[in-house]
Amino acid sequence: MPIDLHDGDLPDDVYFGPTVAIDTETMGLNPARDRLCLVQMSAGDGHCHMVQFRAGVYDAPNLKRLLADPGVTKLFHFARFDVAVLKAYLGVVCAPVYCTKVASKLVRTFTDRHGLKDLCRDLLGIDLSKQQQSSDWGSAELTPEQLRYAASDVLHLHELRARLDVMLAREGRTDLAEQCFRFLPTRAELDLGGWDEPDLFAH
Ligand code: MN
């Protein structure tokens, strides 16, 4: 798979089309503590662009413009986390957003397996390796294995979305999904503000 690794920001001339698949790699799962290290993006054409961040250097005008562009849908798996991290480090509200995990939970009610690996296997017949998931993403020199793993997290999201959209329409839940997606930036903001657990809507 072709991978372009960029230092600190996207180049001016990269265009992803109306829907860009995005994933992030961080130093951990706590956005207040664990910094953003890598943002991976794909137009769904098998090609992956990545932006690597050095600690404390988050001046990335081209990437920020893309994330905030109302004409480009940002496609994530578990958008709640990525949208929070991107807000915390780049100061930008990602919108509009589509989340394959939320879509899966709305239609694949016969299972509780909604991980990216599960979706790739069940909907596309693709075996996704998660071996590098917990590696050191803050490293100045990422290994070829890390880069391949990071790219594989965005390469299948367009295809997954297409499958999930068919199921959402079939089950009459397209509108409900769209309302959930619209709420995601607010959900991320709540997480960053300290209303993460227990959930704001819990008793
Ligand atoms: Mn990932």
Side-chain angles (χ1 to χ4, degrees), residues 1-10 14 16 19-55 58 60 63 66-67 73-90 92 94 97-105 113-124 126-161 163-164 181 184-185 187-188 191-192:
M1 70 188 77
I3 295 174
D4 280 321
L5 182 61
H6 309 288
D7 190 16
D9 195 9
L10 278 173
V14 179
F16 294 99
T19 307
V20 58
I22 307 184
D23 185 37
T24 63
E25 303 301 336
T26 64
M27 288 302 289
L29 297 179
N30 177 352
R33 180 192 65 188
D34 307 325
R35 73 177 181 90
L36 173 66
C37 301
L38 194 68
V39 178
Q40 310 98 277
M41 287 151 282
S42 177
D45 56 0
H47 193 126
C48 182
H49 285 274
M50 299 183 192
V51 175
Q52 185 176 17
F53 292 101
R54 314 287 155 188
Y58 294 101
L63 177 57
L66 173 70
L67 296 176
T73 298
K74 273 65 73 173
L75 172 57
F76 297 94
H77 183 78
F78 197 45
R80 179 176 171 178
F81 177 76
D82 299 293
V83 170
V85 168
L86 292 167
K87 175 78 197 311
Y89 287 87
L90 299 178
V92 62
C94 259
V97 165
Y98 185 107
C99 178
T100 51
K101 186 165 201 145
V102 166
S104 177
K105 286 183 173 182
R113 301 179 69 99
H114 304 286
L116 182 59
K117 192 177 168 64
D118 302 311
L119 295 189
C120 283
R121 187 194 53 237
D122 294 353
L123 298 178
L124 307 177
I126 290 170
D127 183 30
L128 204 68
S129 164
K130 278 283 164 191
Q131 238 170 35
Q132 297 293 320
Q133 188 163 35
S134 48
S135 62
D136 177 10
W137 293 102
S139 167
E141 294 290 334
L142 297 172
T143 66
E145 291 73 31
Q146 282 180 305
L147 296 179
R148 261 200 305 279
Y149 163 78
S152 71
D153 272 357
V154 289
L155 290 182
H156 307 298
L157 294 182
H158 285 76
E159 223 180 321
L160 287 176
R161 179 197 175 160
R163 306 298 172 98
L164 290 163
F181 300 151
L184 272 164
R187 176 66 268 184
D191 287 344
L192 292 175

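Atoms within a ligand are numbered from 1 in the order they appear, just like the ligands themselves. Just so it is clear, the model here is predicted, and its values are computed rather than measured.
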Novice: Can you spot which of Leu66, Val154, Leu67 makes a side chain to side chain contact (heavy atoms under 4.5 Å, CB included) with Met41?
Specialist: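 By the side chain to side chain contact (heavy atoms under 4.5 Å, CB included) criterion, Met41 pairs with just one of Leu66, Val154, Leu67: Leu66.
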
Novice: Evaluate whether atom CZ of Arg121 has more than 12 neighbouring non-hydrogen atoms of other residues, nucleotides or ligands under 6.0 angstrom away.
Specialist: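 Yes, because the 6.0 Å sphere around CZ of Arg121 holds more than 12 heavy atoms from other groups.
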
Novice: In Asp23, which N, O or S atom comes closest to the Mn ion (ligand 1)?
Specialist: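 The Asp23 atom nearest to the Mn ion (ligand 1), restricting to N, O or S, is OD2.
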
Novice: Looking at the Mn ion (ligand 1), which N/O/S atom of Glu25 is the nearest one?
Specialist: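 That would be atom OE2.
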
Novice: Hey, does the side chain of His158 reach the backbone of Thr19 with a donor-acceptor pair shorter than 3.5 angstrom?
Specialist: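 Yes; at least one donor-acceptor contact below 3.5 Å.
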
Novice: For the Mn ion (ligand 1), which N, O or S atom of Asp153 is at the shortest distance?
Specialist: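 Minimum-distance N/O/S atom of Asp153 relative to the Mn ion (ligand 1) is OD2.
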
Novice: Counting distance only, does the side-chain N/O of Thr24 pair as donor-acceptor with the main-chain N or O of Leu38 below 3.5 Å?
Specialist: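 Not a single qualifying donor-acceptor pair exists.
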
